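In what follows, a single structure is set out as C-alpha cells and then discussed.
We use all heavy atoms of the structure for the numbers below, so side chains are in, but hydrogens, waters and symmetry mates are not. First listed ligand is number 1; within each ligand, the first listed atom is number 1. Note that the structure is predicted; figures quoted are calculated from it, not measured.
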Amino acid sequence: MSIAVCPGSFDPVTNGHLDVFRRVAAQFGEVIITVMINKSKQGMFSVEERIELLEDAVRDLPNVRVDSWHGLLVEYARQNAATAIVKGLRGANDFDYELQMAQMNRALTGVDTFFVPADPQYGYLSSSLVKEVATFGGEVAGMLPEHVHTALQKRLAERAAR
Ligand code: PNS
C-alpha cells in the first residue's frame, strides 16, 4: 500500500490544510498527518492539542491518521514505510522554501516529495496569519474547521484573562 506523510506544525489546522489532506487521501492508500515537534518554537496549542484538533478534523477520512515526531522527517518516513512526503503549495514563496527541503530530503534517503497546489480559495491562509488576525479581533470563522475556531477563541479568551 502507498503511504504518504503530510508533515507540518498545524498550530492549528486550517481549512487549507484540510483541503490538501482530503485530496492526498484520495491518491494514497494511507496518509499520516505528522505534527513535527519544534522545541524551540512555543506554539499557541500544545502538540497534544494540535493532534486532537487534527483528529477531529479528519474523522471522516478512514485512511488518514495523525501522529507526531521529533527529529528528521526522512527518518519518520523510513520508520513508517512512507514512500512520499506531500505538501500543499500556496505560491512561489512556499515553492522556494519547499523545493530546497524536498531536494535535501531526497538526497538524505531518496524519499520523494509531491506538491499539491492550494485551492485558490485557501491561497492566502496560513496558521500564523489566522492566529494574528484572530488575536486582534478579526473574523476567521470561515478559515478553520468549526471546532478549531472554537478552540482558538477559547485560547485567546484564556490569554486575555491572564
Ligand atoms: O508547517 P511548517 O512549519 O512549514 O513545516 C515545516 C516542517 C516541520 C515540515 C519542516 O521544518 C520539517 O520537516 N522539520 C523536521 C526536521 C527536518 O527533517 N528538517 C530537515 C528538513 S530538509
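Distance screen at 4.0 Å: atom 7 (C) of ligand 1 has no protein heavy-atom neighbour inside the cut-off. In this structure, atom 15 (C) of ligand 1 has protein heavy atoms in its sub-4.0 angstrom surroundings.
Looking at E75, H70, K87, K41, it is K87 that brings a heavy atom closest to atom 9 (C) of ligand 1.
The L73 neighbourhood of ligand 1 comprises atoms 13 (O), 17 (C), 18 (O), with distances under 4.0 Å to a heavy atom of that residue. Heavy-atom contacts of G71 reach the following atoms of ligand 1: 15 (C), 16 (C) (cutoff under 4.0 Å). Of all the atoms in ligand 1, the ones that sit under 4.0 Å from a non-hydrogen atom of M104 are 22 (S). Atoms of ligand 1 found under 4.0 Å from any heavy atom of M36, numbered from 1 in the order shown, are 8 (C), 15 (C).
For atom 19 (N) of ligand 1, the closest heavy atom belonging to the protein is L72 CD2, 4.0 Å. With hydrogens left out, the protein atom closest to atom 1 (O) of ligand 1 is S9 N, 3.0 Å, a heavy atom. The shortest contact between atom 5 (O) of ligand 1 and any protein heavy atom is with G8 CA, 3.7 Å.
Side-chain atoms of D11 come within 3.5 Å of backbone atoms of F45 as a donor-acceptor pair (strictly under, hydrogens ignored). In this structure, the side chain of R106 does not engage the main chain of T113 through any donor-acceptor pair within 3.5 Å. Panel note: side chain T34, backbone D67; no donor-acceptor pair is recorded below 3.5 Å.
Salt bridge R22/D19: absent, no basic N to carboxylate O contact under 4.0 Å.
More than 12 heavy-atom neighbours from other residues, nucleotides or ligands sit within 6.0 angstrom of CD on Q153. Within a 6.0 Å sphere centred on CD of Q79, other residues, nucleotides and ligands contribute more than 12 heavy atoms.
The CG atom of L61 lies 7.0 Å from the CG atom of L18; values are rounded to the nearest 0.5 Å.
Contact annotation for N38 and ligand 1: no heavy atom of the residue comes within less than 4.0 Å of the ligand.
The shortest N or O to N or O distance between E98 and ligand 1 is not below 3.5 Å. In terms of N/O distances under 3.5 Å, ligand 1 is not approached by M101.
Residues F28 and I3 come closest through the heavy atom pair CD2-C, 4.4 Å.
The one candidate from E139, K154, M143 that meets the side-chain contact (heavy atoms from CB on, under 4.5 Å) condition with H149 is E139.
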